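Per chain, numbering begins at 1; letters A, B, ... match sequence-line order. On a predicted model such as this, the values are computed, not experimentally measured, just so you know.
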Amino acid sequence: MTRGFYVTTPIYYINGNPHIGHAYTTIVADVLARTARTRGDAFFLTGTDEHGQKVADAAKAAGLDPQTWCDRLVPKWKQLFASFHVEYDDFIRTTEPRHERLVQRVFERLRENGDVYRGVYEGWYCSNDETFWLESKLIEGRCPNPECRREVEWLSEESWFFRLSKYNQPLLEHFRTHPNWVRPRSAYNEMMSMLEEGLEDFSISRAAFDWGIPIPGGGGVIYVWFDALLNYITALGWSEDDARFRRYWPATVQLIGKEIARFHTIIWPAILWSLGEKAPDLVFAHGWITLDGQKIGKSLGNAVDPETLVQRFGADAIRYFLLREGHFGSDFSYSEAKIAQRYNDELGNDLGNLVRRTLTMLARYRNGLVPQPGETRFGERFTELPKRVEEAIFNLQFRDALEEIWELVSALNREIDERKPWVLAKAGDEAALDALLYDLCEGIRWLAVMLAPFMPQKAGEIWEQLGLRTGLHGSWEQTLVWGGLGAQTQTAPSETPLFPRLEIAVA
RNA sequence: GGCUCGGUAGCUCAGUGGUAGAGCGGGGGACUCAUAAGCCCUAGGUCGUAGGUUCAAAUCCUACCCGAGUCACCA
């Protein structure tokens, strides 16, 4: 059986509203999934992480029980993703029975094989951070977290531990033999040094509160991270739907933010191995979006409501900007002025105007009917382009992919200036005019196909303006053959520009 | 403090041993199909600092300076 393409985002911790960063990771996954679907089977999973003390606290502060709180928040997240034209195949919530049941099963399996064992955890505990601290880490007897600094209390409790130390050597070995399984390099290096320092077993149960998945047989709830990581396999029906599980696991790409690399590249593979399953092919820890260089965060209060951006620029423009602006993996700075500039220059002037000027000329000179192709060799220059774009996408180099696509945008604009259709029309050189107009329409058709994963809605509009109905999401190998656009196709140019120019005062 | 990444033209960045690059901004030009859009020409920057290796370094090594991140939650 051929394996499907499986891409995941982290499941999002819903102790508050979503911000642009959540949208970012999910959009990236969507681009990957959409591209993968043109080639075959793909599965895209996202969801929400709903357990743990902080969710319980947030619910309490809102005067709600945790489940009601979560039920009210989840639609906001789903709405956000819908606003950005994200099409996931599954959305898992960690409070769903299908997840809880399997997490408990995992816990039992590991208890049976000895990787989960009963121990005593003693130490200084900060209830806010749900963390035990070493005495040496405390600052004046208080929690060392600079954003917390609360009093800590001495706790001694029986707890369930995961035998992470047992996987220290296997992990080192795996990292050494799979130097590209954690990307980018900086994340890999960070994790390697952690492995070299040595791993300790850690507690995976909590007794101080009860908002979590009950430990089978009693004794508190399961630590929220242990619960959360398992979503990637519970959603596939691990241990229940073997055919489905084998089809997609191990995951092709697991996208994460760089701050949770430790959980996904050290703890996660250890748990999987303990279950007898494989580690994912690739964990990619991307960088942060910063606001003019400043970290965006709930605590900093500078989080921008993504819906506002959608209203202002349109979802596809934001998708484009997020993938075009930075190198995926590195931090990049965002501002409305930057979005506006790329919007006007690249989407409006380069792409939108290209479509409009082409269709306008076609309407004027050929009544909007696609002419017969000519003897030009224009298309030959781009035979390899789809392959290069696809390669860049699957290599998670989205910026490079878009730059490659823009090579065609530029070439088409240049072609108009060089072949001067208005001159050809006056001179009555019908054959040359036909040939040019065909090249332009066909080039735009290619653009729509390659841009569809990035800007699904706008690509769809281009497709319709070209007078096409189906095939936008088909296999590139079959669709992107130069000459695929049929002569006599009746185009349907839109009254309004694809990306109307934004009149903005650049602050 | 340990570790990681970065410091290249005004701005954002690409470039990992062999004559310094792109986009944007700025300057100049020719055109008119188009969202006053597009096209052509134009950027001469001690490649953070100081040493070292080499026939040759932005590109390798050492030290240092500056910035960001990470080591506890956070896309």
Practice task
Rounded to whole angstrom, note down the P distance from B:U16 over to B:C74.
Solution key: 34 Å
Exercise for the section: Could you check whether A:Gly21 gets within reach of a base, just the sugar-phosphate, or nothing at all, counting any heavy atom under 4.0 Å? Expected result: base
Fill in the blank from the handout: Whole-Å distance, A:Phe284 CZ to B:A75 P, equals 18 Å
Exercise for the section: Could you tell me whether A:Leu359 contacts a base, only the sugar-phosphate backbone, or nothing, with contacts defined as non-hydrogen atoms closer than 4.0 Å? Expected result: nothing
Problem - B:A14 versus B:A9 - spacing of their P atoms, nearest Å - result: 12 Å
Practice task
Considering only atom C1', compute the distance from B:A20 to B:A58 and round it to an integer number of Å.
Solution key: 8 Å
Problem - Length of the line joining A:Glu415:CD and B:A34:P, which is rounded to integer Å - result: 19 Å
Handout entry: Pairwise P distance, B:C71 and B:C64 [rounded to whole Å]
Key = 25 Å
Handout entry: Gap in Å between the two P atoms, one belonging to B:A72 and one to B:G38, rounded
Key = 50 Å
Practice task
Just call it for A:Ile256: base, sugar-phosphate, or nothing, with non-hydrogen atoms closer than 4.0 Å on any strand.
Solution key: sugar-phosphate
Handout entry: Short side-chain N/O contact to B:C74 OP1/OP2 from A:Asn15, under 4.0 Å
Key = no
Exercise for the section: Could you work out the separation of B:C61 and B:A57 based on their P atoms and round it to a whole Å? Expected result: 15 Å
Handout entry: Which nucleotide in B:C33, B:U4, B:C73 has an atom nearest any side-chain atom of A:Phe263
Key = B:C73
Handout entry: Length of the line joining A:Arg419:CZ and B:A30:P, which is rounded to integer Å
Key = 25 Å
Handout entry: Closest to side chain of A:Arg399, choosing from B:A37, B:C39, B:A14
Key = B:A14
Fill in the blank from the handout: Closest of B:A37, B:G25, B:A75 to the A:Asn353 side chain is B:A37
Problem - Closest-nucleotide ordering on RNA chain B, the 5'-leading residue of A:Gly257 and A:Arg342 - result: A:Arg342
Handout entry: A:Trp225, nearest nucleotide to its side chain (from B:U12, B:C73, B:A75)
Key = B:C73
Practice task
Determine, for A:Arg262 against A:Glu190, whether the closest basic-nitrogen to carboxylate-oxygen distance falls under 4.0 angstrom.
Solution key: no
Practice task
Could you check which of B:C73, B:A34, B:A37 has an atom nearest any side-chain atom of A:Arg501?
Solution key: B:A37
Completion exercise
Between CD of A:Glu407 and P of B:A22 the distance, given in whole Å, is 13 Å
Problem - Among B:A75, B:U35, B:U4, the nucleotide that comes nearest once only the side chain of A:Pro497 is considered - result: B:U35
Fill in the blank from the handout: When A:Arg342, A:Arg319, A:Arg399 are each screened for salt bridge (Lys or Arg N to Asp or Glu O under 4.0 Å) with A:Glu325, the one that passes is A:Arg342
Exercise for the section: List the steps, then state whether salt bridge (Lys or Arg N to Asp or Glu O under 4.0 Å) holds for A:Arg93 with A:Asp49. Expected result: CA-CA 6 Å; A:Arg93 300 180 52 182; A:Asp49 181 9; over 6 Å; no
Handout entry: Salt-bridge present (A:Arg388, A:Glu391; N to O < 4.0 Å)
Key = no
Exercise for the section: Tell me whether the OP1 or OP2 atom of B:G38 has a side-chain N or O from A:Arg414 closer than 4.0 Å. Expected result: no
Exercise for the section: Any chance you could lay out the salt bridge (Lys or Arg N to Asp or Glu O under 4.0 Å) test for A:Arg357 and A:Asp417, step after step, and finish with the verdict? Expected result: CA-CA 11 Å; A:Arg357 67 200 294 215; A:Asp417 285 273; 3.7 Å; yes
Practice task
Can you figure out which of B:U35, B:C74, B:C33 approaches the side chain of A:Arg356 most closely?
Solution key: B:U35
Exercise for the section: Mind calculating the distance between CD (A:Gln341) and C1' (B:G25) to the nearest angstrom? Expected result: 8 Å
Practice task
For the pair A:Asp434 and A:Arg366, find out whether any cationic side-chain nitrogen is under 4.0 Å from an anionic carboxylate oxygen.
Solution key: yes
Completion exercise
Against the side chain of A:Glu190, the closest entry in B:C74, B:A34, B:U4 is B:U4
Exercise for the section: Can you tell me, in whole Å, how much space there is between the P of B:C60 and that of B:A22? Expected result: 23 Å
Fill in the blank from the handout: Quick note, A:Ser186 side chain, CB onward, closest among B:A34, B:G38, B:C5 is B:C5
Practice task
Check whether any side-chain N or O of A:Asn349 sits under 4.0 Å from OP1 or OP2 of B:G38, and answer yes or no.
Solution key: yes
Fill in the blank from the handout: Per atom distances to the A:Thr25 side chain, the nearest of B:G38, B:U35, B:A75 is B:A75
Practice task
Compare side-chain N and O positions of A:Arg364 against OP1 and OP2 of B:A34 and report whether any pair is under 4.0 Å apart.
Solution key: yes
Handout entry: A:Phe499 six-ring face occupied by A:Lys458 cation (under 6.0 Å, within 45°)
Key = yes
Fill in the blank from the handout: Taking Watson-Crick and G-U wobble contacts under 3.5 angstrom, with | marking pairs to another strand and [ ] crossing pairs, the secondary structure of RNA chain B is written ((((((((.[[[[.)..(..]]]].((((.........)))).....[[[[[..)....]]]]])))))))....
Handout entry: Separation of the P atoms in B:G18 and B:U59, to the nearest angstrom
Key = 12 Å
Fill in the blank from the handout: The residue, A:Leu351 or A:Lys426, whose nearest nucleotide of RNA chain B is more 5′ is A:Lys426
Practice task
Could you check whether A:Phe499 gets within reach of a base, just the sugar-phosphate, or nothing at all, counting any heavy atom under 4.0 Å?
Solution key: base
Exercise for the section: Let me know the distance between CZ of A:Arg324 and C1' of B:A22, rounded to the nearest Å. Expected result: 10 Å
Exercise for the section: Measure up the A:Trp211 and A:His51 rings against each other and bin them: parallel (under 30°), tilted (30 to 60°), perpendicular (over 60°). Expected result: perpendicular
Exercise for the section: Report yes or no: is the cationic atom of A:Arg185 (NZ for Lys, CZ for Arg) closer than 6.0 Å to the six-membered ring centre of A:Tyr188, at no more than 45° off its axis? Expected result: yes
Exercise for the section: Would you mind reporting whether A:Glu430 and A:Tyr365 have side-chain heavy atoms less than 4.5 Å apart? Expected result: no
Exercise for the section: Using a heavy-atom cut-off of under 4.0 Å over every strand shown, decide if A:Lys258 touches base, sugar-phosphate, or nothing. Expected result: sugar-phosphate
Exercise for the section: Specify the separation, in whole Å, of atom NZ of A:Lys338 and atom P of B:G25. Expected result: 15 Å
Exercise for the section: Give the rounded distance in Å between these two atoms: CG of A:Asn413 and C1' of B:A34. Expected result: 9 Å
